Every structure is written in structure tokens, then in C-alpha cells.
Amino acid sequence: MEGVASMVAEKPVVIFSKSTCCLSHSMKSLIRSFGANATVYELDEISNGEQIENELIRMGCQPSVPAVFIGQQFIGGSKRIMSLHVRNELVPLLKDAKAIWI
């Protein structure tokens with residue numbers, strides 16, 4: 001069984017999502033708009049999705065999705081990502097994680 005740590009290891013950007021979540025869709029679109037190719041795990045479509053969701057909740061992800069990891073660090077959900085974006089702090093995080101090169 002894969003846990004969150006192994007799923008985010010060595011990946012610049014990982015988004016835990018649910019295919020029916022509009023906020024997850026918005027976060028994926030935002031991060032892709034900068035040219036980042038995020039690894040996306042749709043928790044409602046993978047066999048251990050419920051286990052991963054429980055682990056995310058234990059890590060403090062409230063709600064559990066979207067959960068965005070940049071540079072193997074949990075950054076936050078949609079509110080935190082939008083806050084970083086508005087303050088022009090999201091792109092530097094993506095650059096530091098080598099998710100984008102602009």
C-alpha cells in the first residue's frame with residue numbers, strides 16, 4: 001500500500017483530488033496554467049483512495065481535497081493556494097520545486 005509520503009516523493013507538484021470536486025478542478029487548472037505538469041491522484045478513482053483521504057485528514061487537510069504538495073511539502077488546499085497566487089508567491093514555490101522554469 002502506498003502512503004502519501006511515497007506518492008509525493010520525487011515529484012515537484014502533486015494534487016490529491018476527487019474527479020467530482022470543482023475546487024480540485026480549479027486548482028489543477030491554475031497550476032497547469034503556469035506550465036507545471038502536476039501529478040494528480042483522483043481519490044475517488046484509485047483503489048486505496050479512502051485510505052489516502054484518511055491519511056490526508058490526519059495530516060490536517062480539511063477538507064481532504066484538494067490537497068496540494070509542492071516540492072514534497074504539503075502546501076494546503078484551495079484557500080491557501082489562491083492566497084499564495086494572489087500574493088504572487090505561488091510561482092516562486094513552483095520554480096523552487098523545479099515544476100516550472102520560467
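Predicted, not measured: the structure shown is a model, and the values here were computed from it.
- The aromatic rings of Phe16 and Phe69 lie perpendicular to each other, with more than 60° between the two planes, well past the 30° mark.
- Placement of Leu93 and Met27 within a single hydrophobic cluster is found when ILVMFWY residues are connected by side-chain heavy-atom separations under 4.5 Å, directly or transitively.
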Exercise for the section: Please report the C-alpha distance between Lys28 and Glu42 in whole Å, then the side-chain angles of each, then the deciding distance to 0.1 Å, and finally whether the salt bridge (Lys or Arg N to Asp or Glu O under 4.0 Å) criterion is met. Expected result: CA-CA 11 Å; Lys28 292 181 282 190; Glu42 301 288 358; 2.6 Å; yes
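- To the nearest 0.5 angstrom, Ile75 atom CD1 is 11.0 Å from Glu89 atom CD.
- A salt bridge links Lys18 to Glu53: at least one charged side-chain nitrogen sits closer than 4.0 Å to a carboxylate oxygen.
- Between Thr39 and the options Val13, Ile15, Val14, Val8, a side-chain contact (heavy atoms from CB on, under 4.5 Å) holds for only Val14.
- Around the CD atom of Gln72, the shell of radius 6.0 Å holds more than 12 heavy atoms that belong to other residues, nucleotides or ligands.
- Distance check: Gln51 CD to Leu56 CG gives 10.5 Å after rounding to the nearest 0.5 Å.
- Scored by the side-chain hydrogen bond (donor to acceptor under 3.5 Å, both in side chains) test, Asp44 finds Ser19 as partners (sequence neighbours excluded).
- The line from CD1 of Ile57 to CD of Glu55 is 11.0 Å long, rounded to the nearest 0.5 Å.
- Note that CG of Leu43 is 8.5 Å distant from CG of Asn48, once rounded to the nearest 0.5 Å.
- Under the 3.5 Å distance criterion, the side-chain polar atoms of Tyr41 are left unmatched by any main-chain donor or acceptor of Ile52.
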Handout entry: Check against side chain to side chain contact (heavy atoms under 4.5 Å, CB included), Ile70 and Leu90
Key = CA-CA 10 Å; Ile70 300 175; Leu90 182 57; 3.8 Å; yes
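- In terms of hydrophobic clustering, with Ile, Leu, Val, Met, Phe, Trp and Tyr side chains grouped at heavy-atom distances under 4.5 Å, Phe74 and Val68 are assigned to different clusters.
- Of the possible donor and acceptor atoms, one in the side chain of Ser29 sits under 3.5 Å from a partner among the backbone N and O of His25.
- A single hydrophobic cluster is not seen to contain both Leu23 and Leu84; linkage of ILVMFWY side chains at heavy-atom distances under 4.5 Å, directly or through other members, places them apart.
- Ser64 contributes no side-chain N or O that, together with a main-chain N or O of Cys61, makes up a donor-acceptor pair within less than 3.5 Å.
- Taking 4.5 Å as the limit, some side-chain heavy atom of Ser78 sits within range of a side-chain heavy atom of Pro66.
- Other residues, nucleotides and ligands place more than 12 heavy atoms under 6.0 Å from the CD atom of Gln62.
- Heavy-atom neighbours of Asn37 CG from other residues, nucleotides or ligands within 6.0 Å: at or below the threshold of 12.
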Problem - Audit row: His85, Phe34, side chain to side chain contact (heavy atoms under 4.5 Å, CB included) steps and yes/no - result: CA-CA 11 Å; His85 176 52; Phe34 297 116; 3.5 Å; yes
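- Within the 3.5 Å criterion, the main-chain N or O of Leu30 finds a donor-acceptor partner in the side chain of Ser33.
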